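Report on the structure given below.
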Amino acid sequence: MPRQVRGFDAQAAHAHLSRKCRRLGAWMKKVDRLENGPIPDDARWRQRFDPVDALARAILFQQLSGKAASTIVGRVEAAIGSARLHHDTLGRCDDATLRACGVSGNKLLALRDLSAREARGEIPDLRAMAHMDNDAIVAALVPIRGIGRWTVEMMLMFRLGRPDILPVDDLGIRKGAQFVDKLDAMPAPKALAQIGERWGPYRTYASLYLWRIADIGSGVAKPVDRSQG
């Protein structure tokens, strides 16, 4: 397929969604007032990006606070003598050493599976991903132990800058959609996928607002950073 450019025009996405969906547009205005302007382009779309390292860090961050996970990542980096989490560097330490860094048993198995798949050439690099559609990237990465669809969707949104991602299983997205459509309950993932058709081709940008809408509607003063998976 043609090469996919990382990122998209946030201003164009804002104008499109505001025009196409009146209910979402009204909420977007509330968010913009609270946050002193529309959600901008994400700087990470232009930064260097290593998919294997990012997946390894996503595994280590799962189900932990940012501070606790960062501490464990720092210990792992010190143990392997590198800030690059890959097959060759993670292979410098045995399992006991990584466990002593605070890596749980399940996460250790996930890191070893990721490493083995990388060594076999099963993990597409950034250049390969540029020529893959979203579903192909999901299909290539979800077989990795400890990597689910949500984690891959976060990569597609925040690192690859794909414009049309809607994480329908995410509770924040579902809660935001409930507020937008004034529903009695959060829509089920399948129903949310149907609702989200009206937000294409900028469902990623709609998702950024849905998270903020969920926080505002629930009385949370500041939105949570969803980018670590």
Side-chain angles (χ1 to χ4, degrees), residues 10 13-14 17 20-35 38-40 42 44 54-55 57-70 72 104 106-107 110 134-135 137-139 141-229:
H14 190 283
L17 291 170
K20 190 171 182 181
C21 183
R22 179 178 55 82
R23 283 175 288 189
L24 178 61
W27 269 100
M28 289 169 67
K29 289 181 180 179
K30 294 181 183 180
V31 174
D32 294 348
R33 287 196 297 269
L34 180 66
E35 302 195 357
I39 298 172
D42 196 314
R44 287 169 291 185
L55 290 168
R57 292 172 189 276
I59 289 169
L60 292 172
F61 267 82
Q62 287 171 356
Q63 299 177 330
L64 291 175
S65 69
K67 183 177 180 180
S70 294
I72 292 172
S104 70
N106 284 335
K107 291 182 180 182
N134 300 331
D135 289 340
I137 294 174
V138 171
L141 300 184
V142 294
I144 302 167
R145 184 185 180 109
I147 299 297
R149 185 180 183 90
W150 183 88
T151 298
V152 182
E153 288 171 336
M154 296 303 103
M155 177 185 289
L156 289 167
M157 293 173 66
F158 290 102
R159 302 310 301 267
L160 296 176
R162 295 293 174 94
D164 205 25
I165 304 297
L166 181 66
V168 296
D169 295 308
D170 187 281
L171 291 178
I173 298 290
R174 293 170 60 198
K175 175 60 72 173
Q178 179 185 355
F179 284 123
V180 168
D181 280 1
K182 299 180 180 179
L183 303 174
D184 293 332
M186 291 188 295
K190 185 176 181 180
L192 178 55
Q194 294 175 338
I195 292 170
E197 290 293 332
R198 67 181 186 241
W199 301 323
Y202 291 114
R203 284 178 286 185
T204 294
Y205 197 68
S207 296
L208 300 181
Y209 273 93
L210 290 170
W211 273 316
R212 286 156 170 79
I213 291 165
D215 291 330
I216 294 169
S218 300
V220 178
K222 282 291 183 180
V224 177
D225 181 4
R226 318 282 176 168
S227 62
Q228 290 287 357

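Everything numeric in this text was worked out from a predicted model, so none of it was measured.
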Distance-only criterion, 3.5 Å: show the donor-acceptor pairs between side-chain atoms of residues 24-32 and protein atoms not counting sequence neighbours.
from, atom 1, to, atom 2, distance (Å)
Asp32, OD1, Tyr209, OH, 2.6
Asp32, OD2, His14, NE2, 2.8

Nearest-0.5 Å distance, [atom1] of residue [X] to [atom2] of residue [Y]:
X	Y	atom1	atom2	answer
Asp164	Asn134	CG	CG	7.5 Å
Arg23	Ile213	CZ	CD1	12.0 Å
Leu17	Tyr205	CG	OH	8.0 Å
Gln178	Ile195	CD	CD1	10.0 Å
Asp215	Leu210	CG	CG	11.0 Å

Item checked: Test log, rule side chain to side chain contact (heavy atoms under 4.5 Å, CB included), inputs Leu160 and Ile137 -> CA-CA 11 Å; Leu160 296 176; Ile137 294 174; 3.9 Å; yes
Check: Got a sec: does the CZ of Arg198 have more than 12 other heavy atoms crowding it under 6.0 Å?
Finding: yes
Checklist line | CA sep, side-chain torsions, deciding dist, call: Phe158, Leu208, side chain to side chain contact (heavy atoms under 4.5 Å, CB included) | finding: CA-CA 10 Å; Phe158 290 102; Leu208 300 181; 4.0 Å; yes
Next item on the list: Check whether any side-chain N or O of Arg174 sits under 3.5 Å from a backbone N or O of Pro187 as a donor-acceptor pair, and report yes or no.
Entry: yes
Item checked: Sidechain-backbone polar pair: Asp170 side chain, Gly172 backbone, donor-acceptor under 3.5 Å -> yes
Would you indicate whether the side-chain heavy atoms of [Y] and [X] approach each other to under 4.5 Å?
X	Y	answer
Ile173	Val168	no
Gln63	Asn106	no
Phe179	Ser218	yes
Lys107	Ile72	no
Arg203	Glu197	yes
Val138	Leu156	yes

Notebook entry, point to check: Taking only residues two or more places apart in sequence or in another chain, which ones pass salt bridge (Lys or Arg N to Asp or Glu O under 4.0 Å) with Arg162?
Noted result: none
Work out which heavy atom in [X] is nearest to a heavy atom in [Y]; give both atom names and the distance.
X	Y	answer
Trp199	Ala177	CH2-CB, 4.4 Å
Thr151	Ala58	CG2-CB, 3.8 Å
Trp150	Pro167	CD1-CB, 4.4 Å
Ala214	Lys175	CB-CG, 3.8 Å

Next item on the list: Can you sort out the partners of Thr204 under side chain to side chain contact (heavy atoms under 4.5 Å, CB included), two or more places apart, ordered by chain and number?
Entry: Phe8, Met157, Ile165
Next item on the list: Please assess Asp169 against Glu153 for the test side chain to side chain contact (heavy atoms under 4.5 Å, CB included), listing each intermediate value before the final yes or no.
Entry: CA-CA 10 Å; Asp169 295 308; Glu153 288 171 336; 5.7 Å; no
Next item on the list: Given side chain to side chain contact (heavy atoms under 4.5 Å, CB included), test Arg212 with Leu34 step by step and report yes or no.
Entry: CA-CA 10 Å; Arg212 286 156 170 79; Leu34 180 66; over 6 Å; no
